[in-house]
There are 2 protein chains.
Amino acid sequence: MSEATQLFTFLPYLLSITSNAVSGRIAQEYREQFGLSVPEWRVMAVLGDRGPQTQRVLTSLTLMDKVAVNRACKVLETRTLASRRPNEQDGRSHLLELTDIGQAMHGEIMPLAVAMERHLFRVLDTDEVAQLRSLLERVRDTAGDLDGPSTDSGNFGLL
Amino acid sequence: MSEATQLFTFLPYLLSITSNAVSGRIAQEYREQFGLSVPEWRVMAVLGDRGPQTQRVLTSLTLMDKVAVNRACKVLETRTLASRRPNEQDGRSHLLELTDIGQAMHGEIMPLAVAMERHLFRVLDTDEVAQLRSLLERVRDTAGDLDGPSTDSGNFGLL
DNA sequence: CAAAATTCGTTTCAATCACAACGAGTAGTC
DNA sequence: GACTACTCGTTGTGATTGAAACGAATTTTG
């Protein structure tokens with residue numbers, strides 16, 4: 001019994017539980033306030049922050065799957081939060097940019113995001129937040145980008 | 001641009017990325033080594049640690065959905081890693097326990113789990129691991145158990 | 001003890017997501 | 001300029017997930 005392997009004491013487990021709790025709260029808030037999913041919000045955040053981008057760039061900036069990015073973009077487009085403009089340097093891709101409505105929503109979302117972050121981590125003081133950030137970054141780099149963009153599926157064993 | 005809202009600097013985002021990277025690595029390892037999914041592994045860990053349990057107890061101990069627990073149990077049963085014994089104190093539920101084969105696998109898995117943990121967090125020294133654990137626990141408690149067991153779905157607005 | 005409410009486990013269904021396959025466009029090679 | 005190889009975006013498909021609905025068993029209430 002109780003071989004010091006209590007599951008709860010597992011750091012990966014604790015990490016997963018904590019992340020799910022935080023992500024769940026945030027997702028719930030975005031959904032209720034703006035009807036946005038997390039992928040959609042992430043795309044909006046990048047577009048508002050960096051200006052018009054291709055889907056390719058968006059996938060590498062959000063570290064999401066390219067399919068997820070594509071669907072998020074379609075939703076944003078149908079909701080007229082973003083629009084597509086042809087990319088003159090490459091006929092395959094389009095440039096996505098926020099519309100005026102999208103800009104306005106972005107202006108409301110970002111303060112909310114900052115407030116959420118402050119609220120969820122309110123038990124930590126400034127130094128502790130910095131510590132946590134540093135620790136997580138190091139672990140992330142060690143664990144490797146396993147959930148990074150899918151680097152265009154397969155196409156490896158061709159030669 | 002760059003209103004200090006770089007997405008990457010978002011702690012919830014960093015937390016999510018890091019957790020996914022770690023979980024992904026671990027899930028991959030369990031799948032390759034034992035053909036177990038994460039839910040299945042968690043159930044095994046608890047059963048090996050605490051002895052026979054009902055599904056109800058398993059859901060609260062693993063903080064997973066009761067459906068996920070049920071499915072994991074079914075898989076473990078068909079693979080003859082666990083078996084069901086009638087619960088004499090409550091005719092609705094069964095007691096799940098590891099078979100000899102399940103016990104043996106549990107004996108192999110736990111050392112691997114410990115090794116994985118040590119490997120994934122090898123960039124941190126002992127003090128830093130303790131720090132990280134403490135920080136995560138506090139954040140988890142603050143964010144609330146949003147991913148806790150589904151406390152039996154709805155049945156609220158009945159009166 | 002009969003009726004109502006609750007709980008455990010299971011099944012069903014709908015939404016979500018990753019992976020593979022595809023067409024259109026581009027770049028490289030000869 | 002044709003042939004090949006590659007990239008971007010999209011669509012389709014299969015697997016995973018969670019919420020609701022359900023039957024069976026138990027507890028509670030009158």
Side-chain angles (χ1 to χ4, degrees), chain A residues 16 20 23-24 27-28 31 35-40 42-43 53-78 82 84-96 145-159, chain B residues 16 20 23-24 27-28 31 35-43 53-78 82 84-96 146-159:
Chain A
S16 171
N20 286 347
S23 295
Q28 178 190 17
R31 192 163 4 102
L36 289 178
S37 71
V38 170
E40 287 152 23
R42 283 183 181 169
V43 169
Q53 304 291 342
T54 67
Q55 288 189 21
R56 169 76 185 86
V57 175
L58 287 171
T59 61
S60 76
L61 285 179
T62 58
L63 290 186
M64 297 191 303
D65 191 86
K66 66 179 178 179
V67 179
V69 170
N70 180 15
R71 290 203 250 258
C73 289
K74 275 201 289 190
V75 171
L76 294 181
E77 204 181 1
T78 44
R84 286 171 205 246
R85 174 159 45 92
N87 183 358
E88 292 161 6
Q89 289 152 8
D90 191 330
R92 294 167 295 182
S93 61
H94 298 261
L95 246 42
L96 264 108
D145 293 35
L146 193 82
D147 58 346
S150 61
T151 59
D152 217 18
S153 321
N155 295 10
F156 286 116
L158 282 185
L159 185 141
Chain B
S16 171
N20 285 347
S23 295
Q28 180 189 16
R31 193 164 3 103
L36 288 178
S37 72
V38 170
E40 288 152 22
W41 171 78
R42 283 182 181 171
V43 168
Q53 304 291 341
T54 66
Q55 287 189 23
R56 169 76 185 86
V57 175
L58 287 171
T59 60
S60 76
L61 285 180
T62 58
L63 291 185
M64 297 193 301
D65 190 86
K66 65 179 179 180
V67 180
V69 170
N70 181 16
R71 289 202 252 257
C73 289
K74 277 201 291 189
V75 172
L76 293 182
E77 205 182 0
T78 45
R84 286 168 204 247
R85 173 158 47 91
N87 182 359
E88 293 162 5
Q89 289 152 9
D90 191 329
R92 294 167 295 185
S93 61
H94 297 261
L95 245 42
L96 264 109
L146 194 83
D147 58 345
S150 61
T151 60
D152 218 15
S153 320
N155 295 11
F156 288 115
L158 282 186
L159 185 140

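Numbers restart at 1 for each chain; the letters A, B, ... are given by sequence-line order, proteins then strands.
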How close or far is atom [atom2] of [N] from atom [atom1] of [X], stated in whole angstroms?
X	N	atom1	atom2	value
B:R31	D:dA15	CZ	C1'	12 Å
A:H94	C:dA24	NE2	P	13 Å
A:N87	C:dA24	CG	C1'	14 Å
A:K66	D:dC6	NZ	P	15 Å

Do [X] and [Y] have side chains that approach each other closer than 4.5 Å (heavy atoms only, starting at C-beta)?
X	Y	answer
A:K74	A:T78	no
B:L76	B:L36	yes
B:S23	B:V38	no
A:L95	A:T54	yes

Would you tabulate the pairs of protein nitrogen or oxygen atoms and nucleotide nitrogen or oxygen atoms of nucleotides 25-27 of chain C closer than 3.5 angstrom?
from   : atom 1 : to    : atom 2 : distance (Å)
C:dG25 : N2     : A:R92 : NH1    : 3.1
C:dT26 : OP1    : A:G91 : N      : 2.7

My understanding is that only residues two or more places apart in sequence, or in another chain, count here; which of them pass side chain to side chain donor-acceptor pair (under 3.5 Å) with [X]?
X	result
B:S93	B:N87
B:R71	none
B:R31	none

Q. Base, sugar-phosphate, or nothing: which does A:T54 touch, judged by heavy atoms less than 4.0 Å apart?
A.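 Sugar-phosphate contact only.
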
At a cut-off of 3.5 Å, list every protein nitrogen or oxygen paired with a nitrogen or oxygen from nucleotides 16-18 of chain D, distance to 0.1 Å.
from   : atom 1 : to    : atom 2 : distance (Å)
D:dG18 : N7     : B:R71 : NH2    : 3.2
D:dG18 : O6     : B:R71 : NH2    : 3.2

Q.
Can you list everything that forms a side-chain contact (heavy atoms from CB on, under 4.5 Å) with B:S37? Sequence neighbours excluded, please.
A.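 side-chain contact (heavy atoms from CB on, under 4.5 Å) list for B:S37, sorted by chain: B:P39, B:E40.
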
[N] phosphate, OP1 or OP2, under 4.0 Å from [X] side-chain N/O:
X	N	value
A:N70	D:dG9	no
B:R84	C:dT10	yes
B:Q55	C:dT10	yes
B:K74	C:dT11	yes

Q. If only atom types and distance count, is the side chain of B:T59 paired as donor or acceptor with the main-chain N or O of B:R56 below 3.5 Å?
A.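 Yes, because the side chain of B:T59 sits within donor-acceptor range (under 3.5 Å) of the backbone of B:R56.
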
